[in-house]
Amino acid sequence: MPRPPLNSRALAKLSPLPRSFYSRDPRLVARGLLGKLLIRHVGPHSPSVGECGNRLILAGRIVETEAYLGAIDPGAHAYRGQTARNAVLFGPPGHAYVYFIYGNHYCTNVSCQPTENVGYVAGCVLLRALEPVCGIDEMSTLRGLTLPPNPKPSQLRQLTSGPGRLSQALAITRQHDNAKDFCSPASDLIIADDGSPAPSILATTRINVTRAPLDEWRFVIIGSPYVSGKKLS
DNA sequence: GAGATGATCTTA
DNA sequence: AAGATCATCTCC
């Protein structure tokens, strides 16, 4: 039985993943998020999307993530303890940690595993790439790109292949979205399961993490053309 | 297609 | 001074 198509109407009915999903080892959360949908509601009370209209949904399927283990992970922002920037990571799981990087870009994370019952605190998962699902035109506008009428995957991937790109495509900023609850049905930024089958996953080292270069805590959907960087072998 | 470089600014 | 990046340039 084919599932119904993922138009705005179908996406609007999906419920956010429960908080228990995020109350686990960040590596399990990072794997579990692959294939899930990141859904952004934009409207009169949401961040500006230019001339995109009043009420619409932007969504993408998560195809690439990275786990950050917090207090025991030298590559993690939380490694050196709580600061004004990373305070969200020391709060309850399932909340957005959005930070500004390299003077140009935002990166979007989900907090997880804030308790000490497995030996570390303040973990999170960085969302690194999406397969565009809904709101292609609006995402193009937000990214400042012009795509042809029937874009190929190689063109679509310009929208959301990379943490800075996907954040821009969904109008995610620290000002608007840091500390936002991914688990609240009232949230304009959620992650949901549409029942798609569990993907095949490849683990690699994390991108541009120099302080812990060997840990294979980056996860990608095998074969997806929407993963960031070069094509994998 | 691949590798190098500059932009730009927050954080420690 | 470095960084959980990206667009653009040059040269294969």
Side-chain angles (χ1 to χ4, degrees), chain A residues 22 25-27 29-31 33-34 38 60 62-90 93 95-113 120-130 132 139-147 151-179 182 191 202-220 225-233:
Chain A
Y22 303 101
D25 185 314
R27 290 164 293 195
V29 177
R31 286 176 172 275
L33 284 175
L34 294 179
L38 178 62
I62 299 168
V63 299
E64 177 181 350
T65 57
E66 280 176 358
Y68 289 84
L69 270 53
I72 65 162
D73 177 6
H77 287 174
Y79 182 64
R80 293 163 191 280
Q82 183 171 345
T83 65
R85 175 167 74 153
N86 67 20
V88 170
L89 299 178
F90 293 81
H95 289 254
Y97 170 47
V98 182
Y99 64 87
F100 191 56
I101 189 69
Y102 294 126
N104 283 302
H105 313 285
Y106 292 99
C107 291
T108 304
N109 300 250
V110 192
S111 65
C112 43
Q113 195 59 64
Y120 51 82
V121 297
C124 66
V125 172
L126 171 66
L127 305 180
R128 284 197 55 91
L130 310 175
M139 290 191 220
S140 302
T141 300
L142 285 158
R143 291 273 296 117
L145 299 175
T146 305
L147 295 186
K152 297 177 290 190
S154 62
Q155 299 169 309
L156 270 182
R157 73 188 296 288
Q158 297 303 312
L159 296 177
T160 50
S161 66
R165 289 171 172 182
L166 77 86
S167 297
Q168 186 178 33
L170 297 198
I172 296 170
T173 66
R174 180 173 175 90
Q175 292 73 18
H176 280 113
D177 301 300
N178 189 55
F182 275 106
I191 300 173
L202 174 68
T204 78
T205 56
R206 297 176 293 187
I207 304 295
N208 291 336
V209 176
T210 56
R211 294 192 166 274
L214 300 181
D215 299 305
E216 297 191 324
W217 295 340
R218 171 178 178 250
F219 305 98
V220 304
Y226 302 102
V227 166
S228 75
K230 306 180 260 196
K231 190 175 161 187
L232 317 152
S233 61

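Chain A is the first sequence line, chain B the second, and so forth, proteins listed ahead of strands; every chain is numbered from 1. Computed from a prediction, not measured in an experiment: that's the story for all the values here.
For the ring-ring contact (aromatic ring centres under 6.0 Å, His included) test, no residue two or more places apart in sequence or in another chain qualifies with A/Y79.
Summarising the geometry, the separation between CG on A/L145 and P on C/dC6 is reported as 13 Å, rounded to the nearest angstrom. Following rounding to the nearest Å, A/E64 (CD) and C/dT5 (C1') show an atom-to-atom distance of 13 Å. Per the geometry, CZ belonging to A/R80 stands 14 Å off C1' belonging to C/dA4, to the nearest Å. Distance, A/Y68 OH to C/dA4 P: 7 Å, rounded to whole Å.
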Kindly indicate, with the supporting measurements, whether the criterion salt bridge (Lys or Arg N to Asp or Glu O under 4.0 Å) is fulfilled by A/R27 and A/D215.
-> CA-CA 11 Å; A/R27 290 164 293 195; A/D215 299 305; over 6 Å; no
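Taking a 4.0 Å limit (strictly below) on heavy-atom distances, residues 155-165 of chain A reaches DNA chain C at A/G162, A/P163, A/G164, A/R165. If you check residues 98-106 of chain A against DNA chain B, the residues with a heavy atom closer than 4.0 Å are A/F100, A/Y102, A/G103, A/N104, listed by number.
Each of A/V209 and A/R143 has a nearest nucleotide on DNA chain C; the 5'-most of these lies closest to A/V209.
Contact annotation for A/R211: no contact, since no heavy-atom pair falls under 4.0 Å across all strands.
You can see that DNA chain B meets the heavy atoms of chain A within a 4.0 Å-exclusive cut from B/dG3 to B/dA12, reading 5' to 3'.
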Could you go through nucleotides 10-12 of chain C and list every protein N or O atom that sits under 3.5 Å from one of its N or O atoms, giving the distance for each pair?
none

Please, what dot-bracket string fits DNA chain C when only Watson-Crick and G-U pairs with both distances under 3.5 Å count, crossing ones use [ ] and pairs to another strand use |?
-> |||.|||||||.
